[in-house]
Amino acid sequence: MTYCVGLLLNDGMVLLSDTRTNAGLDNISTYRKVFTFEDPGERVIVIMTAGSLSVSQTTLAQLREAIEDPEATPDSSIMLAPTMLKVAEIVGDRLAKVREEIDHKLSAAQGASASMIVAGQRKGGAMRLFLIYPEGNFIEATEDAPFLQIGEHKYGKPILDRVVKPSTSLADAQKAVLLSMDSTLRSNLSVGMPLDLAVVERDACKVTLRRRIEAGDPQFRAMSEAWSNALRDGFAKIMI
């Protein structure tokens with residue numbers, strides 16, 4: 001399993017994913033779950049994946065093939081699509097087709113599925129953030145719900161519900177997603193380091209910050225310890 005979270009804010013978008021993939025207790029590996037497609041200054045698309053590795057990797061490979069196809073069209077390539085809504089439709093359609101193809105090769109008991117978060121902006125357009133379901137349909141982040149999660153999301157949701165709003169700064173948003181991930185790491189062994197963080201500033205049309213956070217990272221460890229201490233202090237002060 002994995003945990004991915006994306007925030008849509010007034011100042012930009014913040015995206016974070018772990019890298020753990022497991023097929024049983026004795027088969028745990030590290031795979032990147034954050035993928036970027038850029039034409040700097042013109043278009044940026046970030047895709048995060050959770051679920052079946054075979055489904056997500058095949059989907060991404062086919063999306064790349066469509067981009068490189070000399071006969072690519074706005075209906076087939078996410079880098080030519082006229083809007084981010086069309087990007088979400090292309091990704092959703094491809095994800096659903098790949099899932100159906102792989103399911104057909106497996107027994108019903110071994111059905112494979114994956115979900116994706118798609119974030120991006122094209123020059124002159126609005127920033128948009130989508131959650132793509134295995135069936136290919138999707139929902140979009142809004143001002144009332146400015147973040148989306150896939151994978152093991154329940155442990156990291158409470159802090160996001162409490163602190164994230166569209167006006168949240170990019171610096172505070174990075175802190176929020178990292179603490180959300182920290183809560184998940186502490187509660188679920190299927191989520192693990194290293195972490196991949198990406199920030200896309202509004203109208204930059206490129207990834208403005210990339211950061212890989214390895215196990216033992218001193219900055220992340222200090223943040224985790226400070227958060228634990230703050231929770232313990234707050235708990236001790238509450239009277240019943």
Side-chain angles (χ1 to χ4, degrees), residues 1-21 30-38 40 43-51 56 59-60 63 78 84 87-88 91-92 95 114-122 125-133 138-143 145-153 155-157 159-161 163-166 168-185 191-214 217 219-220 223:
M1 202 52 172
T2 193
Y3 175 45
C4 303
V5 55
L7 276 55
L8 179 67
L9 310 168
N10 294 340
D11 293 338
M13 296 176 288
V14 177
L15 305 111
L16 179 69
S17 172
D18 82 317
T19 56
R20 177 163 292 179
T21 297
T30 296
Y31 285 93
R32 181 176 294 276
K33 310 288 182 61
V34 181
F35 305 90
T36 59
F37 303 84
E38 293 177 280
R43 178 181 310 235
V44 59
I45 299 168
V46 182
I47 299 178
M48 298 191 292
T49 68
S56 59
T59 301
L60 284 161
L63 289 172
I78 60 174
M84 281 302 302
V87 170
V91 175
L95 177 61
S115 54
M116 296 183 170
I117 287 177
V118 176
Q121 185 180 20
R122 62 178 181 83
M127 297 182 302
R128 301 182 78 170
L129 180 69
F130 300 91
L131 190 163
I132 315 291
Y133 293 107
F138 52 84
I139 61 173
E140 183 173 4
T142 65
E143 286 192 5
F147 66 88
L148 296 172
Q149 302 166 284
I150 53 176
E152 290 289 347
H153 63 272
Y155 304 103
K157 189 173 186 292
I159 184 175
L160 301 178
D161 284 332
V163 305
V164 174
K165 51 188 176 181
T168 300
S169 69
L170 293 179
D172 283 347
Q174 291 176 62
K175 180 165 58 176
V177 296
L178 288 169
L179 291 176
S180 174
M181 181 65 74
D182 179 64
S183 298
T184 306
L185 290 168
V191 178
M193 307 286 277
L195 312 177
D196 286 320
L197 175 70
V199 177
V200 179
E201 295 180 9
R202 173 181 288 277
D203 297 329
C205 290
K206 64 179 181 180
V207 177
T208 50
L209 171 66
R210 289 184 176 90
R211 180 185 172 197
R212 169 152 283 204
I213 302 169
E214 301 285 352
D217 180 90
Q219 187 177 357
F220 182 76
M223 179 182 293

Without swapping roles, check the side chain of E38 against the backbone of C205 for a donor-acceptor pair under 3.5 Å. no
Can I get a per-line list of side-chain donor-acceptor pairs under 3.5 Å for residues 171-181, giving both atom names and the distance, sequence neighbours left out?
from	atom 1	to	atom 2	distance (Å)
Q174	NE2	L170	O	3.4
S180	OG	Y3	OH	2.7
S180	OG	G156	O	2.7

Within-4.5 Å side-chain heavy-atom neighbours: R128 and Q121: no
List the steps and the verdict of side chain to side chain contact (heavy atoms under 4.5 Å, CB included) for V91 and I47. CA-CA 9 Å; V91 175; I47 299 178; 4.2 Å; yes
When rounded to the nearest 0.5 angstrom, what distance separates CG in L129 from CG in L148? 4.5 Å
Check: T19 side chain, R32 main-chain N or O, donor-acceptor pair, under 3.5 Å: no
To the nearest 0.5 Å, tell me how far Y155 OH sits from D182 CG. 14.5 Å
Hey, are the side chains of F35 and L63 touching, using non-hydrogen atoms and a 4.5 Å cut-off? no
Under a 4.5 Å cut-off applied to non-hydrogen side-chain atoms, are L60 and F37 in contact? yes
Would you check, one step at a time, whether the test side chain to side chain contact (heavy atoms under 4.5 Å, CB included) holds for M193 with L185? CA-CA 8 Å; M193 307 286 277; L185 290 168; 3.8 Å; yes
Taking atom CD of E214 as the centre, does the number of heavy atoms from other residues, nucleotides or ligands within less than 6.0 Å exceed 12? yes
Check whether any side-chain heavy atom of V118 lies under 4.5 Å from a side-chain heavy atom of I45, and answer yes or no. yes
Distance check, rounded to the nearest 0.5 Å: T49 atom OG1 versus Y31 atom OH? 12.0 Å
For R212, what residues pass the side-chain hydrogen bond (donor to acceptor under 3.5 Å, both in side chains) criterion, not counting sequence neighbours? D196
Which pairs with one or both residues in residues 199-208 pass salt bridge (charged side-chain N to carboxylate O under 4.0 Å, His left out), sequence neighbours excluded? none
Heavy atoms, side chains only, cut-off 4.5 Å: are I132 and I117 in contact? no
Does the side chain of M48 come within less than 4.5 Å of L15's, by heavy atoms? yes
Does the side chain to side chain contact (heavy atoms under 4.5 Å, CB included) test come out yes or no for C4 and Q149, once each step is laid out? CA-CA 6 Å; C4 303; Q149 302 166 284; over 6 Å; no
Applying side-chain hydrogen bond (donor to acceptor under 3.5 Å, both in side chains) to T36 and not counting sequence neighbours gives R210
For F138, give me all partners under ring pair (Phe, Tyr, Trp, His ring centres under 6.0 Å), at least two apart in sequence or on another chain. F130
Supply the atom-to-atom distance K165 NZ to N10 CG, rounded to the nearest 0.5 angstrom. 10.5 Å
D11: which residues meet the side-chain hydrogen bond (donor to acceptor under 3.5 Å, both in side chains) condition with it, sequence neighbours left out? none
Residues M127, L8; criterion side chain to side chain contact (heavy atoms under 4.5 Å, CB included); working and verdict: CA-CA 8 Å; M127 297 182 302; L8 179 67; 3.8 Å; yes
Sub-4.5 Å side-chain heavy-atom contact between V164 and P146: yes
From L7 CG over to L160 CG, what is the distance, rounded to the nearest 0.5 angstrom? 6.0 Å
For a quick test of reading the model, state the closest non-hydrogen atom pair linking V207 to A198 and the distance between them. CG1-CB, 4.2 Å
